[in-house]
Amino acid sequence: MIPVCEPLLTEEDIALAIDCLRSGWISSAGKYIEQFETLWAKYCGMPYGIAVSNGTVALQLAVKTLELKEGDEVIMPTFTIISCAQALIYNGIKPVLIDMDPINWQMDRSQIEAKITDKTKAIMVVHIYGHPADMDPILDIAKRYNLYIIEDAAEAHGAEYKGKKCGSLGDISVFSFYANKIITTGEGGMVLVKDLDLAERARSLRNLCFQKRQRFLHDELGFNFRLTNLQASLAIKQIERINEIIGRKIEIAKTYNSLLQDLPLQLPMQETWAKSVYWVYGIVLNDKRGLTSQDLIERLFEKGIETRPFFLGMHEQPVFKKMGLFHSERYPVAERLARYGLYLPNGLTLQDHDMEYIAQTIKREILQ
Ligand SMILES: *Cc1c(COP(=O)(O)O)cnc(C)c1O
């Protein structure tokens, strides 16, 4: 079976993990946590990094840090992981959805302004599948309406918008370091912020709001969202070789582009203002031909190829229907992407001959 993604840890990553184990600093204090926060914030061009246990809680922490209030609204794309919507809902905030751009699969910025009300406090931008969202118009709207920008860059390590790194474009940004992300600590996440007060607030909330001077005195309820030093140790060398990692992702995408170019498929594109890191390599089947992504996923699986379907929009989630959210809302682009989109194996352990086999198999299955 060719896996959709397999993490690649090298001997230098393992050496630091062993060093961490030998040092005894296996909990959430220790030098690797600080190094990880400093190195990652610096790489992204943000002043402060707060490492947390995963990307989902990074979103929850980011929203909590901004002190949005019960009943506030935040605009976000429907086509994303559920972590984005639940970070708002757990904070009592109403998610307000936007459909996607059919060409680059990012949030359709032209739909944002119509959704702004006097309760809107922020826009949560998600860079989908390694390609940046079109930020300038979104930043312009945020400025005119005095809204925060929360940037979910969990799929966009090293991706750039007009030469600036994803994760440095908003007020607060989050990353995930789950095993299939571009840099991984197994499980892990980070919140990046521009403002020192917000950084201190996020740090305090991450660690149960223990006070510095009197530890067991609490002014506010926080969380235990700490990352371990052992997990952080895995990231240090990956950050040093990130250009190599991203280079391989781009090379895989280019190879697939040329192998699949003549088929009736929509392939990932790169806008002129974007540097995509092709976190996943997505393809969208032609909706007029009858074959859905679920059909193709099953057929490829029988041929030893593991793939994954695209996101199912938030407005189509049973859990939110039960909560009375997004009632009868329709987002046709997201609905089509969910039914006809899938992504192919593109992990760092993938071999070139695997890609040829995958492309040939897809060709046979969709043209038959
Ligand atoms: C992976 C991902 C997350 C969640 O990260 P976890 O570490 O898996 O909790 C959040 N947002 C996006 C866009 C993601 O792709």
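Whatever order the structure lists ligands and atoms in, that order sets their numbers, starting from 1.
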### Task
Compare Lys181, Met124, Met190 and give the one whose heavy atom is closest to atom 3 (C) of ligand 1.
Lys181

### Query
Does the N or O separation between Thr80 and ligand 1 drop below 3.5 Å for any pair?
no

### Task
Please name the residue in the list His131, Glu271, Gln270 that meets the side-chain hydrogen bond (donor to acceptor under 3.5 Å, both in side chains) test with Asn104.
Glu271

### Task
Answer side chain, backbone, both or neither: which part of Val126 comes under 4.0 Å from ligand 1, heavy atoms only.
side chain

### Task
Over 60° means perpendicular and under 30° means parallel, so classify the ring planes of Trp279 and Tyr343, tilted if in between.
tilted

### Query
Quick one: does Ser204's side chain have a donor or acceptor within less than 3.5 Å of a partner on Glu200's backbone?
no

#### Entry: Min side-chain heavy-atom separation Thr185-Gln238 under 4.5 Å
no

#### Entry: Polar atom proximity, Gly55 to ligand 1 (N or O, under 3.5 Å)
yes

### Message
Please identify which of these residues, Phe320, Phe326, Phe79, Tyr331, meets the ring-ring contact (aromatic ring centres under 6.0 Å, His included) condition with His315.
### Response
Tyr331

### Query
Does Thr56 reach ligand 1 with a nitrogen or oxygen that is under 3.5 Å from one of the ligand's nitrogen or oxygen atoms?
yes

### Query
Does NZ or CZ of Lys165 fall inside the cone over Tyr43's six-membered ring, less than 6.0 Å from its centre and within 45° of the axis?
yes

### Message
A side-chain contact here means heavy atoms from C-beta on lying under 4.5 Å apart; do Leu21 and Leu230 qualify?
### Response
yes

### Query
Tell me: protein heavy atom nearest atom 15 (O) of ligand 1, and distance?
Glu155 OE2, 2.5 Å

### Query
Could an N or O of ligand 1 be found under 3.5 Å from any N or O of Asp152, whether backbone or side chain?
yes

### Message
Under 4.0 Å from a heavy atom of Asn54: which atoms of ligand 1 are those, numbered in the order shown and with their elements?
### Response
7 (O), 9 (O)

### Message
Tell me whether Trp279 has any N or O atom under 3.5 angstrom from an N or O of ligand 1.
### Response
no

#### Entry: Structural part of Ile81 in contact with ligand 1, heavy atom criterion under 4.0 angstrom
side chain

